[in-house]
Amino acid sequence: MNHSNNSADPDVVLIGAGIMSATLGVLLKELQPDITIEIYERLDMAAAESSDAWNNAGTGHSAFCELNYTPVLADGSIETSKAVKIAESFEVSKQFWAYLIEGDLIKIPGNFIRSIPHMSFVWGDANVRFLDKRYRALTECHLFKGMEYSEDPKQLAEWMPLIMEGRDKSQKVAATRMEIGTDVNFGELTRRMFDYLKELDGVTLHFNHEVRKLKRQPDSRWQIKVKDRASGGKRKVKAKFIFIGAGGGSLHLLEKSDIPEGKGYGGFPVSGQWLKCTNPAVIKKHQAKVYGKAAVGSPPMSVPHLDTRMINGKRELLFGPYAGFSTKFLKSGSYFDLARSIKVNNLRPMMAAGIKNIPLTRYLIDQVRQSPEDRMAALRQYFPNARSEDWKLEMAGQRVQVIKKDPRHGGVLEFGTEVVSAADGSIAALLGASPGASTAVSIMLDLLGRCFKNKLNSAEWQAKLKQMIPSYGEPLGDDARLLEEVREHTSEVLGLKNIEQLH
Ligand SMILES: Cc1cc2nc3c(=O)[nH]c(=O)nc-3n(C[C@H](O)[C@H](O)[C@H](O)COP(=O)(O)OP(=O)(O)OC[C@H]3O[C@@H](n4cnc5c(N)ncnc54)[C@H](O)[C@@H]3O)c2cc1C
């Protein structure tokens with residue numbers, strides 16, 4: 001751990017050492033090398049909460065397989081704008097990661113990102129019709145070029161043998177397949193970004209340091225109070241800009257900042273669990289991320305999926321997530337987190353969101369009450385021949401869904417991510433968790449636009465951003481040629497499959 005003597009206060013404080021702080025820290029140092037940054041993390045290592053590979057699904061979200069990104073509209077048509085935005089954002093992330101690798105900024109033993117087919121799988125007439133329609137709607141856009149669709153059991157058995165073996169032959173089934181999907185070890189990537197950052201002049205990284213308080217100073221800087229969890233020591237640090245990238249811990253700190261923009265926000269924790277396969281012969285037979293359709297009343301992030309993963313150089317197979325309820329906001333948090341987050345200004349939105357989301361509450365209660373056999377039954381809908389002795393239950397990460405004020409309903413529960421920033425741009429917090437790590441770069445670019453607006457518009461920053469992210473400022477969904485160029489480059493640098501070479 002690097003120790004700061006606190007002799008000079010930094011320009012920037014990043015709270016939390018997850019993928020969001022890592023991304024913002026590297027972006028800022030590349031854009032302005034003389035900027036000084038202090039990073040405070042309450043645990044003894046980086047990326048030990050949501051960003052760790054075992055705590056998230058590692059899906060490079062591109063909307064290739066996630067059916068909740070393409071809702072059905074009232075007229076029966078498929079809404080694709082969210083899918084396009086997420087696919088564009090992931091291309092932005094890949095460009096930034098390629099820049100890090102090409103410039104030797106990060107050194108990754110083995111690949112942190114790999115190509116793995118992304119598939120959507122459904123059964124039943126209505127779901128098959130939906131998938132067919134979704135496939136037609138998406139493939140109108142070049143971002144989804146190369147997506148395949150099939151209802152042929154033989155073809156499906158080739159694509160996903162575990163899912164087709166032992167399945168009722170009278171059941172109507174369909175799947176889409178996108179060969180250029182990815183599996184990402186976000187934890188590994190995050191740790192390597194911090195390895196790079198902490199060696200730079202003007203950057204200090206403090207593990208075991210928990211930020212407890214935030215207060216605006218008369219000179220418009222922020223003062224934070226930090227507790228060293230190892231020694232019990234306390235310190236005060238002042239900075240011109242604070243990023244609250246504390247994952248599930250962000251809401252509490254936003255509340256403590258007392259900025260008017262943060263009023264009325266609440267959080268609803270949803271925990272997760274996976275079934276992890278322990279049989280190497282079974283693991284070997286599956287080679288895809290296969291996403292299904294969420295059960296009625298369930299939150300979008302609990303869409304079941306059977307996923308091939310590559311974690312610490314080893315191939316794994318996970319099924320889930322099973323949703324659960326815990327009052328903790330962080331996996332290593334406190335059972336009082338939810339109670340402590342309730343304030344006068346968010347009580348109404350939280351109650352209104354609670355009343356409006358009774359099906360979700362019911363769903364979570366049902367999930368918590370599941371027996372091991374219930375969990376196996378859910379798995380067998382995807383993998384009919386699954387045997388209980390081949391699967392072990394593991395805890396996934398904790399998510400805190402955003403609750404916010406809503407003029408019509410009093411309060412709403414949201415499933416996305418939200419950057420909340422002060423009007424003067426001196427502080428920003430990231431709330432929520434989806435689509436999450438895959439879109440970290442776009443989220444942080446949005447944050448730079450709010451909090452470093454003048455610098456972002458300068459010729460120097462614009463030129464550097466173009467160097468790091470060649471498509472910066474140009475929506476890839478509107479420009480097929482640019483997408484082709486960008487994908488060719490990132491695929492080469494990151495060692496990924498490229499659709500142009502495959503078809
Ligand atoms: C079950 C699950 C599945 C997911 N699947 C995917 C997926 O497939 N693809 C994808 O792109 N995203 C996925 N996500 C979302 C993704 O994991 C998150 O969006 C991302 O990791 C959030 O990064 P972060 O840096 O904001 O938070 P985190 O990684 O949680 O980091 C926050 C850090 O802040 C620290 N901290 C908290 N409070 C304090 C404090 N007071 N002082 C100092 N430090 C503090 C914490 O210890 C932690 O290290 C998933 C998440 C979950 C839970």
Side-chain angles (χ1 to χ4, degrees), residues 15-23 41-61 66 68 112 183-191 193-194 210 244-253 267-276 289 291 294 298-307 309-312 316-335 337-338 341 360 364 367-368 375 392-402 413-418 429-440 443:
I15 306 176
I19 194 163
M20 298 298 169
S21 290
T23 305
E41 165 57 53
R42 66 188 290 274
L43 300 178
D44 60 2
M45 65 185 290
E49 283 281 345
S50 291
S51 299
D52 184 71
W54 287 109
N55 287 341
N56 62 65
T59 304
H61 285 306
E66 311 84 338
N68 54 308
F112 73 92
D183 177 56
V184 188
N185 186 331
F186 294 111
E188 192 63 34
L189 170 65
T190 303
R191 288 180 201 115
M193 283 200 271
F194 280 117
E210 181 166 307
I244 307 176
S250 291
L251 178 63
H252 284 139
L253 293 169
F268 184 80
V270 179
S271 58
Q273 290 172 323
W274 317 110
L275 280 180
K276 178 185 171 206
K289 282 177 177 276
Y291 274 60
S298 68
M301 72 282 186
S302 63
V303 174
H305 40 103
L306 186 65
D307 274 13
R309 304 283 308 274
M310 192 56 90
I311 302 179
N312 304 330
E316 306 280 358
L317 182 61
L318 297 183
F319 179 76
Y322 298 91
F325 180 75
S326 155
T327 51
K328 287 184 181 184
F329 278 8
L330 291 163
K331 207 170 166 178
S332 63
S334 150
Y335 287 108
D337 283 345
L338 178 60
S341 75
L360 169 66
L364 291 177
Q367 288 271 303
V368 173
R375 284 193 204 97
K392 189 172 134 205
L393 194 65
E394 298 277 358
M395 282 306 289
Q398 188 74 1
R399 303 195 212 219
V400 180
Q401 305 304 145
V402 181
L413 180 66
E414 303 248 310
F415 293 100
T417 43
E418 180 139 349
L430 182 73
L431 303 179
S434 185
S438 306
T439 55
I443 297 172

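Excluded from the calculations below are hydrogen atoms, water molecules and symmetry mates; all remaining heavy atoms, backbone and side chain alike, are included. Counting begins at 1 with the first residue of the sequence. Every value quoted in this text rests on a predicted model; they were computed, and no experiment measured them.
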Requested in this report: For the pair Q273 (side chain) and G320 (backbone), establish whether a donor and an acceptor sit closer than 3.5 Å, ignoring hydrogens and angles.
Outcome: no

Query raised in the report: To the nearest 0.5 Å, what is the distance between CG (D307) and CD (E316)?
Result: 12.0 Å

Report summary line: Between the NZ atom in K289 and the CG atom in D183, the distance rounded to the nearest 0.5 Å is 4.0 Å

Report task. Show the numbers, then the answer: is there a side-chain contact (heavy atoms from CB on, under 4.5 Å) between E188 and I311? Result -> CA-CA 9 Å; E188 192 63 34; I311 302 179; over 6 Å; no

Report summary line: When every non-hydrogen atom of F319 is compared with those of P304, the smallest separation belongs to CZ-CB, 3.8 Å

**Report entry** Verdict with reasoning, L431 to V400, per side-chain contact (heavy atoms from CB on, under 4.5 Å)
**Finding:** CA-CA 8 Å; L431 303 179; V400 180; over 6 Å; no

Requested in this report: Report yes if some heavy atom in the side chain of Q401 is under 4.5 Å from a heavy atom in the side chain of V270; otherwise report no.
Outcome: yes

Query raised in the report: Between H252 and F329, what is the ring plane arrangement, given parallel below 30°, perpendicular above 60°, and tilted in between?
Result: parallel

Query raised in the report: Within a strict 4.5 Å, meaning less than it, do heavy atoms of the E41 and F194 side chains meet?
Result: no

Query - Atom of G436, atom of I443 and distance for their closest heavy-atom approach - result: O-CD1, 4.2 Å

Query raised in the report: Side chains of M310 and N185: closer than 4.5 Å at any heavy-atom pair?
Result: no

Query raised in the report: Atom OG1 in T190, atom CE in M45: separation rounded to 0.5 Å?
Result: 10.5 Å

Query raised in the report: Looking at side-chain heavy atoms only, is the closest gap between S438 and V184 below 4.5 Å?
Result: no

Requested in this report: Identify the two heavy atoms, one from S21 and one from I15, that lie closest to each other, and give their separation to 0.1 Å.
Outcome: OG-O, 3.6 Å

Query - Pairwise side-chain contact, E394 with W54, heavy-atom cut-off 4.5 Å (strictly under) - result: no

Requested in this report: Grab the two heavy atoms, one from I19 and one from S51, that are nearest each other, plus how far apart they are.
Outcome: N-OG, 3.0 Å

Query raised in the report: To the nearest 0.5 Å, how far apart are CZ in R309 and OG1 in T59?
Result: 7.0 Å

Query - SB check K328 D337 (cutoff 4.0 Å) - result: no

Report task. Could you label the plane-to-plane angle of the H305 and W274 rings as parallel, tilted or perpendicular, counting under 30° as parallel and over 60° as perpendicular? Result -> perpendicular

Requested in this report: Answer yes or no: is there an ion pair linking R42 with E210, defined by an N-O contact shorter than 4.0 Å?
Outcome: yes

Report task. Locate the shortest heavy-atom distance separating S271 from Q398; write the atom from each residue and the value. Result -> CB-OE1, 2.8 Å

Query - Intermediate values then yes/no, side-chain contact (heavy atoms from CB on, under 4.5 Å), L275 and L393 - result: CA-CA 5 Å; L275 280 180; L393 194 65; 3.9 Å; yes

Report task. Dump the intermediate steps for side-chain contact (heavy atoms from CB on, under 4.5 Å) on S50 and N56, then the final yes or no. Result -> CA-CA 6 Å; S50 291; N56 62 65; 5.7 Å; no

Query raised in the report: What pair of heavy atoms forms the shortest contact from M395 to K331, and how long is it?
Result: O-NZ, 3.2 Å

